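First the structure, in the form of structure tokens, and then the observations on it.
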Amino acid sequence: SRRIPWLTLANDHERTLVHTFVEHRLFVSLVYDGEAVFGLVHEALLRQWPRVAAWISDHRQALHIRSRLEELARRWVWEGRSADLLLPRGKLLEEARELLGPAHITLNVEVTSLIAASIQKVRHADQRRVGILTGFAVIALSAVALGLRAHHAGTVAEQHRREAEDLMDFMVGDLADKLRPLGRLDLLAGIGGKALSYFGDIRPSDLPPAEREQQARALQTIAEVARSRSDPNGARRALLLAKTLRHVGVEQ
């Protein structure tokens, strides 16, 4: 039932062959829908000619796929080449892709266009998927990097806090012990004020027992410095903070 346009013949050898078949009345030539075409006189030729029958048997699967693709291509063209009618990812598209390669099965323009457009659509979908996955990967890596940076910043901040406390403890402890015999605790007045302000901003419950005791001793030295400068209010505040630190330790 197939009618093949003469224009699809690729060279003189093919045209000579078809002319020979027409002359021997194995093919028929006619005009169909205003176009010169040719086809079989009778389909019995496909069954009775051993060489043709063997060729059909060898390529039966490919011929079946081509027939299905031609039907899909006709609908695709009829529907205005809608993207919704392109071949989806899967077995049929892979079989169609194979027909585009070196093969003995010819495909019409509509079928080759359908296959090419379907492959392009799948390729674009793959690119979008890769782009989305890459975006998620970048976001995940950024989150990990920010988390590590925050953790590092927290670690560095904690280290600096401990260094500052050790330095302050030295100044109101060891340094005070050296200045006390000289009667020059007043030299620690500025340091004592800053230390008192710093200790006042710390929640005692957030500190381990050893640090609470260390700060309590430092506060006692600050109170001593305040008394030496006739600052009873500063001394009272430092002693109250020291008492609070030790009271928290007793409760726990």
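Here the structure is a predicted model, which is why all the values come from computation and not from measurement.
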**OP:** Mark yes or no for whether K121, through its side chain, and L86, through its backbone, hold a donor-acceptor pair below 3.5 Å.
**Re:** no
Original post:
Does the side chain of L72 reach to within under 4.5 Å of the side chain of L85, using non-hydrogen atoms?
Top reply: no
Subject >> Rounded distance [0.5 Å steps], CZ in R74 versus CG in L69 >> reply: 11.0 Å
Original post:
Could you state the interatomic distance from CG (L46) to CD (Q48), rounded to the nearest 0.5 Å?
Top reply: 10.0 Å
**OP:** Scan for ring pair (Phe, Tyr, Trp, His ring centres under 6.0 Å) pairs involving residues 30-50, sequence neighbours excluded, and state none if there are none.
**Re:** W6-F38, F21-W49, F27-F38
**OP:** Verify, without hydrogens or angle tests, whether T112 (side chain) and N108 (backbone) share a donor-acceptor contact under 3.5 angstrom.
**Re:** yes
Original post:
Between W76 and L114, is there a donor-acceptor pair closer than 3.5 Å when you use the side chain of the first and the backbone of the second?
Top reply: no
Original post:
Judged by atom type as modelled, is there a donor-acceptor pair below 3.5 Å linking the side chain of H64 to the main-chain atoms of R60?
Top reply: no
**OP:** Could you check if a side-chain atom of S113 sits within less than 4.5 angstrom of a side-chain atom of R81, using non-hydrogen atoms only?
**Re:** yes
Original post:
Atom CD of Q61 and atom CZ of R66: how far apart are they, to the nearest 0.5 Å?
Top reply: 13.0 Å
Subject >> Non-neighbouring partners of Q120 that pass side-chain hydrogen bond (donor to acceptor under 3.5 Å, both in side chains), sequence neighbours left out >> reply: R123, H124
Original post:
Is the shortest distance from a Lys or Arg side-chain nitrogen in R75 or E71 to a carboxylate oxygen in the other one below 4.0 Å?
Top reply: no
Subject >> Over 12 non-hydrogen atoms of neighbours within 6.0 angstrom of CZ in R15 >> reply: yes
Original post:
Is T16 reaching over with its side chain to a backbone N or O of D12, donor-acceptor style, under 3.5 angstrom?
Top reply: yes
